[in-house]
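Note on naming: letters A, B, ... go to the chains in the order of the sequence lines (proteins, then strands), and numbering restarts at 1 for each one.
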There are 2 protein chains.
Amino acid sequence: MRTDFCEQLGIEFPIFAFTHCRDVAAAVSNAGGLGVLGAVGFTAGQLEVELAWLDEHVNGIYGVDLVIPSKYEGKGVEGLSPEQLEKQLAQMVPQGHRDFAAKLLDDHGVPPLPDGEHHNELLGWTATTAAPQVEVILRHPKAKLVANALGTPPADVVAKIQESGRVIGALCGSVKHALAHKEAGLDFVVCQGTEGGGHCGEISSLVLWPQVVEAIGDMPLLAAGGIGNGAQVAAALAMGAQGAWTGSLWLTVEEANVPPAQRDTYLSASSHDTVRSRSWTGKPCRMLRNDWTDAWEAEGTPDPLPMPLQMMVALDGVKRGHRYPEAAKDVNFNPVGQVVGMMDRVERSADVVNRLVEEYVTACDRLAKLNS
Amino acid sequence: MRTDFCEQLGIEFPIFAFTHCRDVAAAVSNAGGLGVLGAVGFTAGQLEVELAWLDEHVNGIYGVDLVIPSKYEGKGVEGLSPEQLEKQLAQMVPQGHRDFAAKLLDDHGVPPLPDGEHHNELLGWTATTAAPQVEVILRHPKAKLVANALGTPPADVVAKIQESGRVIGALCGSVKHALAHKEAGLDFVVCQGTEGGGHCGEISSLVLWPQVVEAIGDMPLLAAGGIGNGAQVAAALAMGAQGAWTGSLWLTVEEANVPPAQRDTYLSASSHDTVRSRSWTGKPCRMLRNDWTDAWEAEGTPDPLPMPLQMMVALDGVKRGHRYPEAAKDVNFNPVGQVVGMMDRVERSADVVNRLVEEYVTACDRLAKLNS
């Protein structure tokens, strides 16, 4: 199971766990995989705290996932601080969108956030706001792998990361994206099929992975989208992947900071319950279908705005959903892949890693027997 | 590579080739796989001719694929001949739909069929019209495998096929469908992910196959949807499939009776060029996106009718497209899966079988090396 990319990183299993929860990231890294912390929701100050905690709790190394989209409103605006950029972008959000979102939550009985609980709206969804995050990463020696979620990262970011002895890659949903990443000199790609949770394209993993493997040659490909058991990991490696990049799986582990009411929503969902929707982030993103996603697709309602404006509209819903998950159960943001239909119980993160390895071995044995 | 289902059937490779062309079916069976002839386009008389030809040209065995949908307009109508049923259904087709379809073809300069070239419109898309096809199959001893494309076949059909020493299975796009097939006593399922060509559901192969394998236990699963090379076959078998059911691949082989202009359309398409559309058959079916599929989805145009009424509207387009493929290149019916992006050259059918086997071995070796 030890691929060349494992050797390069010095990890035991080619199992990469994308998560927004540091406890999960640490548990996976300590179990022989590699935990990757999603940074988009953190300010630079908060990210500093998270990575300091990870440095302390991870024996080996871990990764960080940034979101610097290739295309977004406000791209190329120079010389603004994150706060100034946020202010400028906020002026581009129609009040009707904010009202529509607020009414949806109010109609479902989701309480407003307590007075005075201010939150910045822009988060890390731009080069401007992600730049301070990069500086934080560079201060943490165990943060050895960086991935960017929505396009080839800017050249200066690539250079800084690589010059510091780290590896940097990016997600892709098409051969074209993968070739752009290779052209930019990235160290690896995370190739995600349409069944994956979060932002995804239209091509299925089974069809996409082999085409990208062929297109990028020696560059390591981590297979993402639809992986929930070890047989699927074996399938990915058989098709030439150097690792499995998993995300959905870690939403329902014991260590995850997902509220129990939301976790139960994931555990009870089937593979038929997801939809690709622009209603939270402005770009097509796979999530559980619910009253929120239906409402934004209904006739006569506002069209979702481009990234990052839609997230500025929707962030209040994310925050209220996180705080009041019971009330928000039909209008919450539940990003997850079709593999949600295979997630039916709460396990410890280390047990998930071990299960993936065991199932992988079983699948390989099955193949070996067929061929003997 | 020899699975239990191969042993049961007495075939060398678990490679099943769905095709509408007898030459392809024969070539695959004779190369060690199993050719499966799609019967829906043939009258009973025509099918008799095709199967007699196959009996003569196939060394071992072959299969036949029927289309008896679980749900369709006219289901349950008793005591009508195929001609009477067609007449009754024809009265349910709004003239506006026929006019819209005819205008689309006319506007693209696709000539009408020559005068007097009558064709029946209903084909095999109902239990009534498929029943005579079943009788034909029973007269051909080498037709050892029967599959039904759109639901669990009627109990009397299952009984007749099985009592004659043949095996019968059916396609499925969900765990629920697969369990219904098992409950009905079928011998195998063909489990097709959303990336597959023709009628398909919404769940990707990678996510669907393992769930169905687990649900149906010992019942053989043939993996369909997205398979175009041997590494994907290895992936399917690693996940517990007993064979690979392929369709798109055979549209561009040397022996296929696909007109060159249409074949070129397939060869030049990418994985991004397909769409699930109801515009030809009335049920969601994956095909190349073109002016026809766009037109039926545009606002203010007729909604596609339920099966089999939409096909009665569209069949004139199928026939005209087959006869005048150059003129019809932007309005032709091109059913194919996302794997079309991997189809870039014309090969002999036997060479495709051999290539799949070689690539399968390479993929298994890759895994074995990782584990040594």
Side-chain angles (χ1 to χ4, degrees), chain A residues 1-4 6 14 173-176 193-196 201-211 213-214 223 225-242 270-272 274-275 337-342 359-371, chain B residues 1-4 6 14 173-176 193-196 201-211 213-214 223 225-242 270-272 274-275 337-342 359-371:
Chain A
M1 193 170 196
R2 208 173 151 102
T3 63
D4 290 345
C6 287
S174 70
V175 169
K176 191 178 145 193
T194 187
E195 56 269 73
E202 295 186 336
I203 312 305
S204 83
S205 290
L206 190 80
V207 171
L208 183 64
W209 296 342
Q211 290 186 66
V213 164
E214 187 177 333
I227 296 183
N229 74 22
Q232 294 161 323
V233 177
L237 299 194
M239 290 188 276
Q242 294 227 7
S270 88
S271 291
H272 296 269
T274 74
V275 65
Q338 290 187 338
V339 76
V340 70
M342 300 174 69
E359 290 164 344
Y360 167 87
V361 171
T362 302
C364 291
D365 285 350
R366 183 186 296 135
L367 263 190
K369 262 181 215 147
L370 281 182
N371 302 335
Chain B
M1 194 171 195
R2 208 174 150 104
T3 63
D4 290 346
C6 286
S174 71
V175 170
K176 190 178 146 194
T194 188
E195 56 268 74
E202 295 185 337
I203 312 305
S204 83
S205 289
L206 190 81
V207 172
L208 182 64
W209 297 342
Q211 290 187 66
V213 163
E214 186 176 334
I227 297 183
N229 74 22
Q232 293 162 321
V233 177
L237 300 192
M239 290 189 275
Q242 295 228 6
S270 87
S271 292
H272 296 269
T274 75
V275 64
Q338 290 186 340
V339 76
V340 71
M342 301 172 69
E359 291 164 343
Y360 167 87
V361 172
T362 302
C364 291
D365 286 350
R366 183 185 295 133
L367 264 190
K369 263 182 214 146
L370 281 182
N371 302 333

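- Between chain A and the residues B/G341, B/G225, B/A368, B/G228, the largest count of heavy-atom pairs under 4.5 Å involves B/G341.
- Counting heavy-atom pairs closer than 4.5 Å to chain A, the top-ranked of the candidates B/A363, B/C6, B/S204, B/G230 is B/S204.
- Taking chain A as the reference chain and counting heavy-atom pairs below 4.5 Å, the highest number among B/C364, B/G337, B/S205 is found for B/C364.
- B/S271 and A/V207 make their closest contact through OG-CG1, 3.5 Å (heavy atoms, listed as atom of the first residue, atom of the second, distance).
- The salt bridge (charged side-chain N to carboxylate O under 4.0 Å, His left out) search around B/R366 returns none, not counting sequence neighbours.
- B/D4 is linked by a side chain to side chain contact (heavy atoms under 4.5 Å, CB included) to B/Q242, counting only residues two or more places apart in sequence or in another chain.
- The candidate from A/K369, A/E359, A/M342 with the greatest count of non-hydrogen atom pairs under 4.5 Å with chain B is A/M342.
- With hydrogens and angles disregarded, no donor-acceptor distance shorter than 3.5 Å links the side chain of A/Q338 to the backbone of B/L208.
- Between B/L206 and A/Q232, the shortest heavy-atom distance links the atoms O-NE2, 2.9 Å.
- With a 4.5 angstrom heavy-atom cutoff, A/Q211 touches chain B only via side-chain atoms.
- Minimum heavy-atom separation, A/A238 to B/A231: O-CB, 4.0 Å.
- Heavy atoms of A/D365 lying under 4.5 Å from chain B are absent altogether.
- Closest heavy-atom contact between B/M1 and A/N371: N-OD1, 3.0 Å.
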Q: Show the numbers, then the answer: is there a side chain to side chain contact (heavy atoms under 4.5 Å, CB included) between B/I203 and A/H272?
A: CA-CA 7 Å; B/I203 312 305; A/H272 296 269; 3.6 Å; yes
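- Neither the backbone nor the side chain of A/T274 comes within contact range of chain B; no heavy atom of the residue lies under 4.5 Å from a heavy atom of that chain.
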